[in-house]
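Presented below is the structure to which this report refers.
Within every chain, numbering begins at 1; the chains are lettered A, B, ... in the order of the sequence lines, protein sequences first and strands thereafter. Just so it is clear, the model here is predicted, and its values are computed rather than measured.
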Amino acid sequence: MAPLSGAALIENRSANSEGVGTGTKIKLSIRSVGKSYGAVTALADASLELAEGELLTLLGPSGSGKTTLLMMVAGLVPPTSGEVWIDGKLATYTPPDKRDIGIVFQNYALFPHLTVFENIAFPLRMRRMRTADIASAVARALDIVQLPRVAERVPRELSGGQQQRIALARCMVYSPSIILMDEPLGALDRQLRDQMQLEIKSLHRRLGITVLYVTHDQEEAMAMSDRICLLNHGRIEQIGTPEDLYFSPRSLFAAEFLGESNTLDARVGDGGRLVGPGGLVMRVKDDGGTKPGERVKLLVRPERLHVLADGERADNVAEGELVETVFAGGLTRYFVRLADGVMLSGKELTDQTGDRLRQGMPVRIGWRAEHALVLRPE
Amino acid sequence: MTVAVQPALRPPRGQSAWVQAWPVYPLVVLLLAIFVFPVGQILALSLFDPAGQPTAANYVRVVTTPVYLQTLAITFEIAGWTTALALLGGYPVAYLLAHASARARDTLTLLVLMPFWTSFLVRTFAWMILLGRNGAVNRLLISLGITDAPVSLIFNFTGVMIGMVHAMMPLGILAMLSVMQRIDITLVSAARTLGARGGQAFWRIYFPLSLPGVAAGGLLVFITALGFFITPALLGGRREIMISQVIISVVQELMNWRFAGALSVVLLVAAGMVFYLYDRLLGISTLSGGAAAETASQRRPGLMGRAGAFIGRRLIAALGALADRVAELREAMPALGPARSNRRASRPLLWAISGAVIAFLCLPALFVIPVSFTAGTFIEFPPQGFSLRWYATYWNSPGWIDATIRSLIVAVCTAFLATVLGTAAAFALVRKKIAGRGAILALALAPLVLPRIIIAVALFYLYARLGLLGTNSGLVLGHTVLAVPYVLITVMAVLRTYDERLDQAARTLGASACRTLYYITLPQIRPGIIAAFLFAFITSFDDLTIALFVSGGKTSTLPRQMWNDLLLQVNPTLAAVSTVILVFVTVFIVLAETLRRRATSRAG
């Protein structure tokens, strides 16, 4: 077991600089893994690969199976079916202590009866490393998380953010193949969360570690991930980069779980046209392989809507009444009620809206054909 | 990587639920052998005659002999009055404990727990000192001029009541406390803002919510009281003979196992009937502190349930109204001042009543201390002069010292065995999905509710044939059955608050299951395990019932030795021994309780 040495760091960094998905080593491979408790299926037939140096997020609402999947990768829960491969070795039923993985738990799981030093030294002692090497490895790990002076304290004397960093240090000190993070920022307040997101991201880049990250917070997932694996009801909905998931969601669930969206009921007409609420005819660039007559959902992100000036044209235009504007700093949100009562919400930069938007005024809303997405209802 | 990862192609052994449950097996085997089998045997014995033919003769004899029916009636009478008085006196104390500040609660709980754990014989002996013809109470009454001649406080119903209520009240308080602690006190404030006076708010809102606790406490006290024999034997008169005493004499004097078995069945059926009635009226789930809303009377409103609920509601409304009339009267009297709020006026009253009750629980045992230093040859209060002669008598008596040493050895072995078996079982019961988990738990906790006298008689019968009578190992096995429930309850509570993710973290950090247990789990739950050990120690050290049958003569334990002296020749040596036990046990309990608290609060 290589301790976290300078040479290892540089080596890792160069490995990472090759980038993700360009023939780099596969660190984790999950093949058709399923878990059921009696008649209840917690996870069905999940397959997933994680490349070296990648940060992949398991995202989904609670009960979607993301923690179950993480626990099976860790070896803390045995899968009902399928295989887990870690570092090219079959590890489906390997006990957790023989898997060479690390976990950062939501509540950090720092051992309350041990000092910070002993917490970080624990994985090294379990690997029977020499005492002198342990001391220097722990010191380096504390340096990396920028807490060099807390070694002799016990966990409960540290703040939440500090405990979080110690948990990270304990996990990185033995350079495991994969680091699993189970909602690691869930217990922190908003401001500390944003800061720790940046720190974890930068540690990930600097050290080239491979991370499987679990969260239910879509903003966090988009901010941190190389790729996101979206789960719902024990199934993988979609795997892709944050951009993929945001701009090309493959299901209504994916579209609505990531970011905000307006969804309109529509029926497919001829030649890339859809008939929406109140007979509104809408053009789309891609009809998503739907057939004429099919009932579909049309999705448009709020930031894709524009309040049209007099005489301005757009691919799609809807008329309605501006019911509400909400000032949110740099952005202003507005809500438009169309003739038949359907509400659309839009977002514009505040300095662009200026005084244009007044409550109760009639407005025309426009969006481009390629910004509307056709999805089948679930 | 120094650890070669062998690909594991199939689930490792130990995935099977039966294999995973292994830590409970030693305990289950012990309980089946030393508890279920002998008790079942002694009960079955009552149905057969010596020739092995089925017979109802033993039961016919119970039913047709007036003295046994009379004993049964007295047993119920004593248990019933004990229950009523213990609940009445315990309720304000439980209320105070539930809603006092955390610090006050800790201290007060300890004061209530102390008499619960302090040697039963010592406490009964203390009442003998206090209530005797020339006891402290009578001396006080005479010197105050309240009476001219000593009042009969002992060897009658009064004496039994004082002793029994004193012994049972802590149990009732703890049962009520566990429910009251979960009542949201803001509900009472809400009722006040909705226009209820203090009395109405208490009787209509708080009291009904606390009833499951009262019922659970009542059940526990009643069932436990049914099996008593120490208090009626030492404090009662000729009339106050309870069924356990009859069982003892049937076994020890008549050696009639079959009839003793029949009497045990009668005692069990009596206890079972109380359980049944309780379940019909309130639902057994309230025992484990289930929500008040889940009571049986609401789930399946039978005739009895509905009638009970109707009467209950009327009674509560009447009590609320009565409390408010009293409050109005008081407000109407200018001397007391209408400005004072009801709550503030009732607070000192609550403290005064609770204080008196707690003093009743804690103080009597202390009277053995001055008596033990008497220079006279009789037990009297106030003691004559000062000397250590009775301590010397104790120290120089081989009988007493042997008994003390034997009790210590047996208690240490019991505590060790019970802690190991109970802790292992607690781990499996809390952490693994075990088929029949409820049944195993019920089996392991059964020695708490089953009258001890039945276990003792059953063990006597079993040991007589195994040659274990009068042996330390026989005592240890029997005491382990009694002590295991306390270990199980303590360790399971600690494990439930233990964050299992710490173990998961250790596993993923490279520790094997054994090293995780040794380096991570055990160091953190150590206080809980030590507390369990101490409780098990005390259970064994204080037990008279099992020792009464299994030990004797030269193999007496300390309680057995005390019992003999208490029956035959009450002397100041007993006071000296009692003082030693009192100090020893008090230190133990304070230690155990402190450790237990530290263990369960750590995870929070």
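For chain B, the nearby parts of A/Ile101 are the backbone and the side chain; heavy atoms of each come within less than 4.5 Å. Interface residue A/Phe105: only side-chain heavy atoms are found under 4.5 Å from chain B. Both the backbone and the side chain of A/Arg170 come within less than 4.5 Å of a heavy atom in chain B. Heavy atoms closer than 4.5 Å to chain A are found in both the backbone and the side chain of B/Arg501.
The greatest number of non-hydrogen atom pairs below 4.5 Å with chain B, out of A/Arg125, A/Gln106, A/Arg128, A/Met71, is found for A/Arg128. Of the listed residues B/Leu509, B/Thr516, B/Leu502, the one with more heavy-atom pairs under 4.5 angstrom with chain A than any other is B/Leu509.
Of the possible polar contacts, one joining the A/Gln163 side chain to the A/Leu158 backbone as a donor-acceptor pair under 3.5 Å is found.
Two rings, from B/Phe584 and B/Phe588, have their centers less than 6.0 Å apart.
When each of A/Leu185, A/Leu180, A/Leu58 is tested with A/Tyr213 by the rule side chain to side chain contact (heavy atoms under 4.5 Å, CB included), just one qualifies, namely A/Leu185.
The aromatic rings of B/Tyr519 and A/Phe122 stand perpendicular to each other, their planes meeting at an angle above 60°, with 30° marking the opposite boundary.
Defined by atom type and a distance below 3.5 Å, a donor-acceptor pair is present between the side-chain atoms of B/Asp184 and B/Thr186.
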